[in-house]
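Every number for a ligand or one of its atoms is a count from 1 in the order of the listing.
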Amino acid sequence: MSRTQVGIVGAGPAGLVLGHLLNLQGIESVIVEDRDREYVEGRVRAGVLEQGTVDLLIEMGVGERLKREGLVHHGVELRFGGTGHRIPFDELAGGRGITIYGQQEVVKDLIAARLESGAPLLFGVEDVRPLAIDSDAPLLRFRHGGQERELRCEVVAGCDGFHGVCRGAVPDGSLSFRERIYPFGWLGILAQVEPSSDELIYCHHDRGFALHSMRSPQLTRLYLQCEPDEAIERWPDERIWEELHTRFACEGWSLKEGPILEKGITPMRSFVAEPMQHGRLFLAGDAVHIVPATGAKGLNLAVADVRVLANALVQWFSTGDDTLLEGYSEACLPRVWAAQHFAWWMTSMFHRMPDDRDGFTARLQRAQLAYVCSSRAAATSLAENYVGLTQLGAPEADQIV
Ligand code: APR
Ligand code: PHB
């Protein structure tokens, strides 16, 4: 049997950032991940980092490549009725912007830093079981390299994503769940072609939502609203491009095509489990909340959670004071729900609703979009949410000013 201070389940952004923050404070942790390194580093996910996330990664010493390769954006385009409208973040959101840098790149940088530090990170573990979380000696059992292993911890951090095992380790009835499943999904592609615009384009169209994003000056990321249970085989490359051209159509603008390197379907869901802790188990990131991707908040929320958790653990391990640790969930939830609201609002405003028989919802959506693009107050609300609400961003923040 081995021992550590914090047993971290999952090597996604939440688990890796937590492990690194604890490392910097001299707190021991072991990260156990059920996939192999190649899989974790190759998974194409989100790509929008709020300024607070960028600042943290740089402060943590894992921001060198991010500073070199990240694309800083100061605005976003909303496109509807065949016309584009720019929301200038720099003007409306106190000079803050966003940085485009793939989640998988963040993960690669964090894994490299972890391995270099020599702190344990086990890939390919099987059948992880968080046990005795109600006691002061929780443990993780799992199989690794064909052997049954037991890791005694003082605290377990459940950073194992939506389909992980940690949330399910909390006794029945102790958590409450709130959820919306949307009647559509996103078909996402990565194309080897320079982006067709310098900034992201969120597009509302009668045929459904479309999004133009990017990963680098040579890689474009594009999404199309599709059926929730869409079969990817129904979308050969030609059909994808044709649909993208139709939805993005705008005078004087054209979409550049290139070889499709990756294709996938993402479901759209809002989900929150509360509280985000039970006994000595603390849940963070997608393990405890999911936001639909329209607001680009998932990765940023995951990082914000573990920032609060790391701070609380430092206080507890260094002084024995558990005030911050006991208040972890309460400290995180206002930001979680603010992000939930923004993601739900963006999702509701942009997507074609399948049950909208007489077009009532579509007209409300266009009225809302027109308002956002013509009122400085409404545009400011979108901008400050998109770049990240700073008053909810700092771990010590306890009120909304
Ligand atoms: N045992 C060990 N590891 C597990 C288990 C398990 N039973 N189940 C899942 N994992 C691993 C996954 O393989 C993954 O590497 O936990 C990790 C969870 O990482 P993410 O899903 O990336 O979640 P999180 O770190 O919270 O980051 C949230 O990810 O889904 C995106 O858009 C979302 O950007 C957001 C971010
Ligand atoms: C992405 O680049 O993958 C991306 C960008 C913005 C979103 C969602 C995903 O809202």
Problem - Check: Lys256 side chain, Ser197 main-chain N or O, donor-acceptor pair, under 3.5 Å - result: no
Return the closest protein heavy atom for [atom] as residue, atom name and distance.
atom                    : result
atom 26 (O) of ligand 1 : Asp286 N, 2.8 Å
atom 34 (O) of ligand 1 : Gln103 OE1, 2.6 Å
atom 10 (O) of ligand 2 : Tyr202 OH, 2.6 Å
atom 25 (O) of ligand 1 : Ala14 N, 2.9 Å

Problem - Distance-only N or O hit between ligand 1 and Asp34, under 3.5 Å - result: yes
Problem - Distance-only N or O hit between ligand 1 and Ala46, under 3.5 Å - result: no
Measuring from [atom], which candidate in [options] has the nearest non-hydrogen atom?
atom                    : options                      : result
atom 9 (C) of ligand 1  : Ile290, Leu283, Asp160       : Asp160
atom 12 (C) of ligand 1 : Glu41, Glu33, Arg45          : Glu33
atom 18 (C) of ligand 1 : Cys159, Ala284, Ala11, Gly10 : Cys159

Practice task
Give me the ring orientation class for His212 and Trp253: parallel if the planes are under 30° apart, tilted from 30 to 60°, perpendicular past 60°.
Solution key: perpendicular
Practice task
Tell me, please: is Met346 in heavy-atom contact with ligand 2, that is, under 4.0 Å?
Solution key: no
Handout entry: Aromatic ring proximity, centroids under 6.0 angstrom, His85 and Phe80
Key = yes
Exercise for the section: Under 4.0 Å, heavy atoms only, figure out whether ligand 2 is touched by the backbone of Ser213, its side chain, both or neither. Expected result: side chain
Fill in the blank from the handout: Under 4.0 Å from one or more heavy atoms of Val165, ligand 1 contributes atoms 7 (N)
